[in-house]
There are 2 protein chains.
Amino acid sequence: MPNQSGIDAVGRVFHALADPSRRAIVERLVRGPAAVKELAEPLAMSLPAVMQHLKVLEDAGVIVSEKHGRVRSCRLEPQTLRTAERWLSGQRTEGERQLDQLDDYLKGT
Amino acid sequence: MPNQSGIDAVGRVFHALADPSRRAIVERLVRGPAAVKELAEPLAMSLPAVMQHLKVLEDAGVIVSEKHGRVRSCRLEPQTLRTAERWLSGQRTEGERQLDQLDDYLKGT
DNA sequence: CCAATAGTTAAGTACATGCCTAACCAATCC
DNA sequence: GGATTGGTTAGGCATGTACTTAACTATTGG
């Protein structure tokens with residue numbers, strides 16, 4: 001069991017993105033919503049395996065899905081990726097922060 | 001085994017960051033280098049366990065370490081986190097991209 | 001209605017992860 | 001030199017992850 005209990009939102013997102021198949025799914029969904037079948041196609045694995053990946057992504061809040069008729073449509077929940085991005089951008093050393101300021105200065109001119 | 005073979009750099013970084021103890025280590029190292037002992041202190045686990053976490057972080061390229069005398073000093077390798085950040089910022093939907101442009105416009109005025 | 005399509009559930013397997021304890025090594029300190 | 005400090009190695013255990021196949025359900029097109 002991981003060190004901390006269940007409510008580790010950022011951790012779930014990073015864990016979801018650690019798998020190349022799941023990142024491929026995300027990369028596909030950036031271009032718009034897709035059905036499970038379509039997401040499965042390029043992935044060289046069984047449908048149930050894909051479903052598990054989708055569950056991990058959905059539990060992490062990276063995607064949402066809803067069923068219309070017999071097809072489940074999945075789409076990205078962009079805010080969640082932004083949260084992870086924000087955690088990363090928070091981890092800057094003092095040196096980096098100075099470079100960032102220089103950067104802003106140059107852009108602002 | 002994950003779907004793809006070993007040379008998945010971004011995947012290793014995300015996997016390293018999925019664990020709360022490892023993120024705590026990163027958050028500490030943002031404020032400057034530290035010895036293994038110091039990193040272990042707030043973590044409520046054995047030294048060997050901490051060492052394994054450090055190995056995961058080092059294999060992912062998130063940190064580097066070198067031994068001076070009997071103490072191993074660890075520090076952040078900021079570029080690696082930037083790589084992960086860049087992957088995330090690449091995953092923007094069309095809608096988000098438009099918001100970003102609006103954002104840039106407002107800032108640039 | 002029947003068959004094909006899209007998805008779901010269940011159960012099983014192989015391997016990875018996150019911890020532990022115990023034993024060990026090598027640089028310091030007195 | 002001997003004890004202490006900081007780190008390392010080895011082995012083991014419980015749980016989690018990434019798949020698989022087989023069987024099943026619900027929608028839909030002809």
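Naming: A, B, ... by sequence-line order, numbering from 1 per chain.
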For [X], all residues meeting salt bridge (charged side-chain N to carboxylate O under 4.0 Å, His left out), sequence neighbours excluded:
X: R23(A); answer: D8(B)
X: K55(B); answer: D59(B)
X: R97(B); answer: E94(B)

With sequence neighbours excluded, give me every ring-ring contact (aromatic ring centres under 6.0 Å, His included) pair touching residues 52-93 of chain B. F14(B)-W87(B)
With a cut-off of less than 4.0 Å, is there a side-chain N or O of H15(A) near OP1 or OP2 of dG16(D)?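 The answer is no; no side-chain N or O of H15(A) sits under 4.0 Å from OP1 or OP2.
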Short side-chain N/O contact from H53(B) to OP1 or OP2 of dC19(C), under 4.0 Å: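 For dC19(C), OP1 or OP2 has a side-chain N or O of H53(B) closer than 4.0 Å.
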Test side chain to side chain donor-acceptor pair (under 3.5 Å) applied to S65(B) - qualifying residues, sequence neighbours left out: E58(B), R72(B)
Looking at residues 56-67 of chain B, who's got a heavy atom less than 4.0 Å off DNA chain C? none
Contact check, residues 22-42 of chain B vs DNA chain C, heavy-atom distance under 4.0 Å, returns R22(B)
Euclidean distance, L54(B) CG relative to I25(B) CD1, rounded to 0.5 Å: 4.5 Å
How do Q52(B) and R72(B) order along DNA chain D: which one's closest nucleotide is nearer the 5' end? R72(B)
Answer yes or no: is there a donor N or O on one side and an acceptor on the other, between the side chain of Q91(B) and the main chain of L88(B), under 3.5 Å?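 Not confirmed, Q91(B) side chain does not pair with L88(B) backbone.
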Roughly, in whole Å, what's the span from [atom1] in [X] to [atom2] in [N]?
X: L43(A); N: dA18(D); atom1: CG; atom2: P; value: 13 Å
X: L54(B); N: dT8(D); atom1: CG; atom2: P; value: 9 Å
X: K55(B); N: dG7(D); atom1: NZ; atom2: P; value: 18 Å
X: D19(A); N: dC19(D); atom1: CG; atom2: C1'; value: 11 Å

Does any pair with a residue in residues 37-48 of chain A pass side chain to side chain donor-acceptor pair (under 3.5 Å), and if so which ones, sequence neighbours excluded?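 Sorted result for residues 37-48 of chain A: R28(A)-E38(A).
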Looking only at heavy atoms, which two atoms of A16(B) and R22(B) are closest? And how far apart? O-NE, 2.7 Å
Through what angle, rounded to 10 degrees, does the axis of the helix from dC1(C)-dG30(D) to dC30(C)-dG1(D) turn between its ends, using five pairs per end?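 Here the local axes at opposite ends form an angle of 20°.
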Can you tell me which residue among L29(B), V56(B), T80(B) is in a side chain to side chain contact (heavy atoms under 4.5 Å, CB included) with I63(B)? L29(B)
One thing to verify: whether E85(A) and R86(B) come together as a salt bridge, which I'm taking to mean a side-chain N less than 4.0 angstrom from a carboxylate O.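 No, no charged N to carboxylate O under 4.0 Å.
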With the criterion being N/O to N/O and under 3.5 Å, what pairs connect the protein with nucleotides 21-30 of chain C, and how long is each?
residue : atom : partner : partner atom : Å
dA27(C) : N3   : R70(B)  : NH1          : 3.3

Who are the side-chain contact (heavy atoms from CB on, under 4.5 Å) partners of L99(B), not counting sequence neighbours?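 side-chain contact (heavy atoms from CB on, under 4.5 Å) check on L99(B) returns nothing, list empty.
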Set of residues satisfying side-chain contact (heavy atoms from CB on, under 4.5 Å) with respect to V64(A), sequence neighbours excluded: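 Result, side-chain contact (heavy atoms from CB on, under 4.5 Å) vs V64(A): R75(A), E77(A).
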